Chemist: 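Right, I'll just put the structure down here and ask away after.
Only a predicted model underlies this, so the values are computations on that prediction, with no experimental measurement involved. Within every chain, numbering begins at 1; the chains are lettered A, B, ... in the order of the sequence lines, protein sequences first and strands thereafter.
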Amino acid sequence: MSNTEIATLLNHVAAAMRIIDERKYYFQIVAYEKAADSLLQTHIQAVDLLREGKLEELPGIGESIRSHIAQLLRDGKVPHFEGFLSHVPASIFPLLDVPGIGPKKAFKIVHFCKLLNPDTVIDDVVQAAKEGKIATIPSFGEKSQQDIIRAVSEYKARSGKLTRTLLPMADRIASDVIHYLKKHRSVQDVRPLGSLRRKMPTVGDIDIAVASSDARGVISHFILYPNIKRVIEQGDATASIITSSGSQVDLMVQPLEAFGSLLQHFTGSKYHNVHLREIALEKGMSMSEYGIKHKGQLHKLAREEDVYKMLGMDWIPPELREDKGEIEAAMAHRLPSLIEVRDIKGDFHIHSNYPIEPSHDLGNHSMEDHLKKAISLGYEYIAFSEHNPSISQHSKDDIITIMKKRNAYIEQLKSNTKNIHIFSMCEIDILANGDLALPEEALELLDGAIVSIHSNLDDDQAAMTKRVLKGLSHPKAKVLAHPTGRLLGKREGYQLEWREIFDFMIEHHKAIEINAWPERTDAPDSVIREGIEKGVKFVINTDSHALEHMDLMPYGVDNARRGWATKDAIINAMRYTSVAQWFTQ
DNA sequence: GCCGTTTTCGGCCCGACTGTTTTCAGTCG
């Protein structure tokens, strides 16, 4: 049973408790929801955490929920959960995915209209609305009836698609809106916030903050944005729209003197903010997007640093604001000094168009072009890492010939190139049996190899771990690329026994890749964080198949920062001589 | 149900907006 499935169940139990008696169960509800979020945010499966006695280390999971999950994984069900779930029809749960419908509304609809089939309830509720039945339910009216029809239609239009947007696309949408907002004369500052500012790999709603003394004017301007589908809501200081591309954009406006508080509030995350406000309470303060109240007086804060300072802690980089220990670290003045884009001195994962005759895709541009680009990025070194020659279409001797020729080409390139160092690498498939898809004689020609899984992705965890470790055991294998194989919104990827992988990496001086490709962002931040704590080294690579892909490096750095990476944990933040030495270790 | 540099008991964030309400419930972030 996956973390996603367990989280869904916990959320369902919480929803049932809200319906049964929200006041009575209030703190259990909050606890269950937090535990569910916590499970969704880790890439390590609950069953593994449980086996290692580490499930309770997840924030929001204590003795009680741990034992329920243990029972769930053992027996497939938990009587304590079933007790709550039996009080509500199962047909309410699909409705909870429709924006604007929460547990209470879902229950009323299902109860009054007698819609009891979970498989058809989404369509049934639209039918009931069209027949005018929804408007007759107490506390519902004509408007809410129409809202439900529209909400379901929007929900169905995007079902099956990625409901969150990849970070670069969200960046583009945000910058269009920001460009438009700046046209309003009262706007003094505009910033993208929320998960966009925290650099999450996928972004839900796009949050934007504006500093202005004319909130109404800015909001009137905002809702006239040209690429708009509809206005969701509009108030005195906030508004939300849906763009024609289907993205929700939330706007908040505050005067410049309170902008620091707004930045802090709107950046989140939810649990980071909740934790900060609890600390404020302990200090006799109360904080919101308007400022910090202390002894009856509201202190408006123009700078975000001052919000944290007033609470007695250091400013926290947005990427860390997930309530995963960053607040404690900030209070102790022990926040890590995170890696930055300017620390990056090279890129190891570049697919040029050199005719290596691979089974996977070749790059679009020449090695020479990539070198120029690397120099323009200020790199000290670069590694070429085309896929190995196809083993199904070449004999062993063919492959060795191709690789010798490539090696000679790279040697020639080296002798003609100043200002940057070149490493000769390859991205080599780890075959189903754990062997590398390149003969020994060809491997010896390389400075090092990137190894990765591209086939038989459904091996189970133990088998996949064994396979990866076997692939990594060759002395030339230095980097494990995109180590979970996930593609955001498309596939989950495979599971590895991370502790075993980490130990092996440390002992044999190898590194795990942080793949900057936005659809991958692989390793995931939770894996990076745990690896970093153990002392594992990482490499941030773009996996470029074209020149412009080399510009994706900042997304890799973002993800490394979310994993609490400092520059001393990143191989390609080291100087050339150190990297060259690392290749020989 | 979780959690701890005042606590293993007694706390538990803060606000915006909408619709159907005459003063608030539900949803969202």
Chemist: Classify the nucleic acid contact of A:I61 as base, sugar-phosphate or nothing, counting any heavy atom under 4.0 Å across all strands shown.
Modeler: sugar-phosphate
Chemist: Please determine whether a side-chain nitrogen or oxygen atom of A:T238 lies at a distance below 4.0 Å from atom OP1 or OP2 of B:dC17.
Modeler: yes
Chemist: Does A:H265 place a side-chain N or O at less than 4.0 Å from the phosphate oxygens OP1/OP2 of B:dA16?
Modeler: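 The answer is no; no side-chain N or O of A:H265 sits under 4.0 Å from OP1 or OP2.
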Chemist: What orientation do A:H184 and A:H221 show, parallel under 30°, tilted 30 to 60°, or perpendicular over 60°?
Modeler: tilted
Chemist: Give one of base, sugar-phosphate or nothing for A:Q248, where a contact means two heavy atoms less than 4.0 Å apart.
Modeler: nothing
Chemist: Looking for any heavy atom pair under 4.0 Å, which part of the strands does A:A237 touch: base, sugar-phosphate only, or nothing?
Modeler: sugar-phosphate
Chemist: Does CZ belonging to A:R230 count more than 12 external heavy atoms closer than 6.0 Å?
Modeler: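 Buried by this count: over 12 neighbours within 6.0 Å.
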Chemist: Considering only atom C1', compute the distance from B:dG11 to B:dT6 and round it to an integer number of Å.
Modeler: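 B:dG11 and B:dT6 have their C1' atoms separated by 13 Å.
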Chemist: How is A:N273 classified with respect to the nucleic acid when contacts are heavy atoms under 4.0 Å: base, sugar-phosphate, or nothing?
Modeler: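 Touches nothing.
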Chemist: For A:D147 and B:dG26, what is the distance between atoms CG and C1' respectively, to the nearest whole Å?
Modeler: 13 Å
Chemist: For a quick test of reading the model: is some side-chain N or O of A:S288 closer than 4.0 Å to OP1 or OP2 of B:dC13?
Modeler: no
Chemist: Look at all strands and tell whether A:Y25 reaches a base, only sugar-phosphate, or nothing, counting heavy atoms closer than 4.0 Å.
Modeler: nothing
Chemist: Contact class for A:P103 vs. all strands (heavy atom < 4.0 Å): base, sugar-phosphate, or nothing?
Modeler: sugar-phosphate
Chemist: What's the closest nucleotide to the A:E289 side chain, out of B:dT18, B:dG15, B:dC13?
Modeler: B:dG15
Chemist: On DNA chain B, compare the nucleotides closest to A:I65 and A:I219; which residue's is nearer the 5' end?
Modeler: A:I65
Chemist: Hey, does A:H272 reach any base, or is it just sugar-phosphate, or nothing, if we go heavy atoms under 4.0 Å?
Modeler: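 No contact at all - A:H272 keeps every heavy atom at 4.0 Å or more from the nucleic acid.
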Chemist: Classify the ring geometry of A:Y25 against A:F84: parallel below 30°, tilted from 30° to 60°, perpendicular beyond 60°.
Modeler: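 Taking A:F84 first and then A:Y25, their aromatic rings stand perpendicular (interplane angle over 60°).
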Chemist: Does B:dT8 have a Watson-Crick or wobble partner in any strand here, with both distances under 3.5 angstrom, and which is it?
Modeler: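 Across any shown strand, B:dT8 pairs with none.
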Chemist: Verify the contact: side-chain N or O of A:H80 to OP1 or OP2 of B:dG1, cut-off strictly under 4.0 Å; return yes or no.
Modeler: yes
Chemist: For A:A170 versus A:T165, what's the shortest heavy-atom pair and its separation?
Modeler: N-CG2, 3.8 Å
Chemist: Mind checking the P distance from B:dG1 to B:dT5? Whole angstroms is fine.
Modeler: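 One P to the other, the span is 24 Å.
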Chemist: For the side chain of A:D205, counting heavy atoms from C-beta on, which of B:dG29, B:dG19, B:dT27 is nearest?
Modeler: B:dG29
Chemist: NA contact type, A:F266, heavy-atom cut-off 4.0 Å: base, sugar-phosphate, or nothing?
Modeler: nothing
Chemist: Please report the distance separating the C1' of B:dG15 from the corresponding atom of B:dG10, rounded so that it comes out in whole Å.
Modeler: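 These two C1' atoms come out 25 Å apart once rounded.
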Chemist: I'd like the C1' distance from B:dC13 over to B:dT20, given in whole Å.
Modeler: 27 Å
Chemist: On DNA chain B, compare the nucleotides closest to A:Y290 and A:R66; which residue's is nearer the 5' end?
Modeler: A:R66
Chemist: Measuring only the C1' atom in each nucleotide, how far is B:dA25 from B:dT21? A whole number of Å is fine.
Modeler: 9 Å
Chemist: Please work out if A:S286 contacts a base, only the sugar-phosphate, or nothing of the nucleic acid, heavy-atom cut-off 4.0 Å.
Modeler: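 A:S286: backbone/sugar contact only, no base atoms under 4.0 Å.
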Chemist: In whole angstrom, give me the gap between the P atoms of B:dC14 and B:dT8.
Modeler: 24 Å
Chemist: State which of B:dT27, B:dG29, B:dT20 makes the closest approach to the side chain of A:S144.
Modeler: B:dT20
Chemist: When you compare the side chain of A:S240 with that of A:V249, does any pair of heavy atoms fall below 4.5 Å?
Modeler: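 No, too far: nothing below the 4.5 Å cut-off.
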Chemist: Kindly give the heavy-atom pair with the smallest separation between A:Q264 and A:R321, and that separation in Å.
Modeler: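 Minimum heavy-atom contact is CA-NH1, 4.4 Å.
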Chemist: Checking all strands, does A:M287 fall into the base, sugar-phosphate, or nothing category for heavy-atom contacts under 4.0 angstrom?
Modeler: sugar-phosphate
Chemist: If you look at every strand shown and take non-hydrogen atoms under 4.0 Å, does A:L281 touch a base, only sugar-phosphate, or nothing?
Modeler: sugar-phosphate
